[in-house]
Amino acid sequence: MMDCKEIFESLSEYIDEELKDAACRQIEVHLADCENCRVVVNTLRRTVTLYHEIPSETLPGDVRLRLHKMIRMEHPKD
Ligand SMILES: [Zn+2]
């Protein structure tokens, strides 16, 4: 079972559909049980959709930072 941090590290690849099926499934299993991560995925998806209109290979640093902070807030013990 992946934890939220591992999910977070794979999310941009997951959203860009660059993950292998097995990894994708693991994330989906986690998302089914973890509302916090579902919120992050939805937020990230919207953000990625926005940024796809800008020629850039990665998400801007401040977006990563914001999402990271969000996860730390929801999971203080991580
Ligand atoms: Zn989670």
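Distance check, rounded to the nearest 0.5 Å: SG of Cys37 to CG of Asp3 gives 9.0 Å. Note that the CZ atom of Arg25 and the CG atom of Leu19 stand 12.0 Å from one another [nearest 0.5 Å]. Note that the CD atom of Gln26 and the NZ atom of Lys20 stand 12.0 Å from one another [nearest 0.5 Å]. Taking CD1 of Ile7 as the reference point, atom CG of Asn36 lies at 12.0 Å (rounded to 0.5 Å).
Residues Arg38 and Asp33 approach most closely at NH1-N, 4.3 Å, considering heavy atoms. Across every non-hydrogen atom of Leu44 and Ser12, the tightest pair is CD2-N, 4.2 Å. Residues Thr43 and Thr47 approach most closely at O-OG1, 2.7 Å, considering heavy atoms. The shortest non-hydrogen separation linking Ser10 to Met2 is OG-CE, 4.0 Å.
Two residues are said to be in side-chain contact when any heavy atoms from C-beta on lie closer than 4.5 Å; Tyr14 and Arg45 meet this criterion.
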